[in-house]
Every structure is written in C-alpha cells, then in structure tokens.
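Below is one structure; the comments refer to it alone.
In what follows, every chain begins at residue 1, and chains take the letters A, B, ... in the order their sequences are listed. This structure is a prediction, so every number in the text was calculated from the model and none was measured.
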Amino acid sequence: MQDIRKALYVGSRSDGTLIERPMSPHLQVYRYRLSMVLSISNRITGVIATAGAALGVFWLGAAAKGPKSFATARKVTGNPLGQLVLVGWLASVVYHTVGGIRHLIWDAGYRYDKEELNKDGPVAVGVTAGVSTVLAAALLAVAGCRRSKRAKAGKVS
Amino acid sequence: MNASVPHIEVMRSQLGRARGLGAGHSGVGHWWAERVSAASLLPLSTWFVVQMFRLGGADHAEVVKWGGKPVNATMLAALIITTFYHAQVGLQVIVDDYVHGKAHLPTRLLIKIGTSLMGLLGVFAVIKLVVRSGSGK
C-alpha cells in the first residue's frame, strides 16, 4: 500500500483480519432513495414527538393548576393554529410509531433485505398518511361536537 | 488441521474476547433500553389516543374527574415516565451522532436534565389532578 490516505483507511476486525474501512457517507454522491428519507424522518419525528409531549405535559399542568390556566390552554388547543400543531404532533407520533415498529421487526431479524426494505417503505408512508388522517379528522370532529353541544346547553367555555 | 480453516492471529486473550466489552466499557444496555421502552409505549400511547376521544373538547371539571380516577392516573404517569425516558435515550443517540467536540457533554447533560424535568413535571401534574379530584374542585 503506497497511498497514505488509503493506508489510514485500513482497519482490523475483532478477529484481527485486515479490512478496508468504509469511507464516511458523503450524502451528495448518492442517488435519492425513499429509504434514506424515511430513516432520517424517524429521527426528526422523534424530536417533534418529544416537543409535543412537552406541550402535553404543560396542558396537564394547566389542568392541575386550575380552571383559569386550563381556560388559557383551551384557547391554544381550540385555536386553528393550535390544532394544526396538534395534528402535526399526531402525524409525527404516528410516523415514529410506524418507523419504530419497522425497527423492532428488523431487530427481530425480518424484512431487512434490500427488496423487502424497498417494498415496505411506501407501505409505511401509506399507513402513516391513512392512520394520521383518520385519527386527526375523528378527534377534531369529536372535540368540535362536544364544544358545540356545550355551547347549545348554554355553559360557558 | 485443515488448511482451509481460517487462522486467527490476534493479540487478545480468549477471556477478553468472551467478556466482549472492549474499549466501549459498556454493553448493549442502551440499545435494549431504547427497544423495551419503545415496545412499552405501543400499548400506553394507544390507550392515550383512545382517552383523547373521551377528552377532546372537554372542560376543566371533566378533565379533573378523568385524571382523578386511579386507573387513568396510573396509566398517565406510566405513559409520561416511559415517554420521557424513551425520549432521553433516543435524543442521546442523536446528540452522540451529530454534536462533536466540547459541545457534546453539555448538550448531553441538557438532554438528560430537560427530559427528566419534563417527566417530573408531568408526574406531579397527575398527582395534583388526583388531589384536586379528591377534594371535589
């Protein structure tokens, strides 16, 4: 081996045999694949899900603090912009759950071949879109119904 | 001995190999923590989504009454603890992957403290709800 840069990329396996270590992945040289978007999305949705969970804790804290704080929290959750955030949180949790289930399946040793991965990717996207849409629509409908029922009964908030 | 059998020449004792931890000094505990908490979150978050159908658009009295029930309080606390534990373990991996150098340790501590505090806040909110529900307010 003459090239010093090449020599630096020689590593050894735990049994001592020499191998050429893989180079760091330079993302820009790769052709676009759905699997790479889905992979990073699992991390991003994990972060969003955490942020949403923090908001959920604040909502719970407002309920614990008293009716006044809870009224403020309801202004946020009843607001279209607030509901958009809630739907985004829901979709992130749904995707992270679907991605997480895929990870558990891979860990168990299944569906990890190239063809299987490429087949399952679009399914994961479809399931996420379907489940998120149905849940979001149903939850918003239920919340809306309850609100308007209470308004008809003449109760405040 | 057959010549085709691979020959291992390595400066490492078989005991060291069997113990297996090497320079990492830790094993697969973190990996398992991530998976087990993830699996636990499946039923817990399903329960939460179902509860949200009962609570969507609810007023304060209804939420307090709901949170005061022992089963709901238990499930809620379990969900909160598991969620922020899983978040802590997961965010730690992200920080390990993308934050290098001097910023690494403070960022990691921040993640640990932040997720722990959010979890504690959630649990105390549940306790307060139970107390509130008991006193009929």
Original post:
Tell me, side chain or backbone of B/Leu91 under 4.5 Å from chain A's heavy atoms, or both, or neither?
Top reply: side chain
Original post:
What part of A/Ile101 is in contact with chain B, defined as an atom under 4.5 angstrom from a non-hydrogen atom: side chain, backbone, both or neither?
Top reply: side chain
Original post:
Rounded to the nearest 0.5 Å, how far apart are CE of B/Met118 and CG of A/Leu55?
Top reply: 8.0 Å
Original post:
Is it the case that more than 12 heavy atoms not belonging to A/Trp106 sit under 6.0 Å from its CH2 atom?
Top reply: yes
Original post:
Which one, A/Ala143, A/Ser69, A/Gly100, A/Cys145, leads in non-hydrogen pairs under 4.5 Å with chain B?
Top reply: A/Ala143
Subject >> Best-contacting candidate, A/Gly66, A/Ala53, A/Gly61, against chain B by heavy atom pairs under 4.5 angstrom >> reply: A/Gly66
Subject >> A/Arg150 vs B/Glu62 side-chain heavy atoms within contact, under 4.5 Å >> reply: yes
**OP:** Assign the ring pair A/His96 / B/His86 to parallel, tilted or perpendicular, where the plane angle (0 to 90°) is split at 30° and 60°.
**Re:** perpendicular
**OP:** For each of A/Gly56, A/Ala49, A/Ala54, tally heavy-atom pairs with chain B at distances under 4.5 Å, and name the one with the top tally.
**Re:** A/Ala54
Original post:
By a 4.5 Å heavy-atom criterion (distance strictly below it), what part of B/Leu41 contacts chain A: side chain, backbone, both, or neither?
Top reply: neither
**OP:** Decide if atom OH of A/Tyr110 counts as having more than 12 heavy atoms of other residues, nucleotides or ligands within a radius under 6.0 Å.
**Re:** no
**OP:** Pick one of side chain, backbone, both or neither for A/Lys149, based on which atoms fall under 4.5 Å of a heavy atom in chain B.
**Re:** neither
Subject >> Pick from A/Thr77, A/Thr97, A/Val93, A/Val142 with the largest number of heavy-atom pairs that fall under 4.5 Å of chain B >> reply: A/Val142
Original post:
Is any side-chain N of the basic residue among A/Arg43 and B/Asp97 closer than 4.0 Å to the acidic one's carboxylate O?
Top reply: yes
Original post:
Do the side chain of B/His60 and the main chain of A/Ala71 share a donor and acceptor less than 3.5 angstrom apart?
Top reply: no
Subject >> Validation row: A/Val57, B/Phe124 side chains within 4.5 angstrom (heavy atoms) >> reply: no
Original post:
Which answer fits B/Ile94, side chain, backbone, both or neither, if we ask what part of it has an atom under 4.5 Å from a heavy atom of chain A?
Top reply: both
Original post:
Between A/Arg146 (side chain) and B/Ala58 (backbone), is there a donor-acceptor pair under 3.5 Å?
Top reply: no
Original post:
Does A/Arg74 reach the main-chain N or O of B/Gly57 with its side chain, forming a donor-acceptor pair under 3.5 Å?
Top reply: yes
Original post:
So A/Leu60 and B/Leu76, side chain to side chain contact (heavy atoms under 4.5 Å, CB included) or not? Walk me through it.
Top reply: CA-CA 10 Å; A/Leu60 209 60; B/Leu76 205 49; 3.9 Å; yes
Original post:
Side-chain contact, heavy-atom cut-off 4.5 Å: B/Asp59 with A/Phe70?
Top reply: no
Original post:
Are the side chain of B/Arg35 and the backbone of A/Asp107 linked by a donor-acceptor contact shorter than 3.5 Å?
Top reply: no
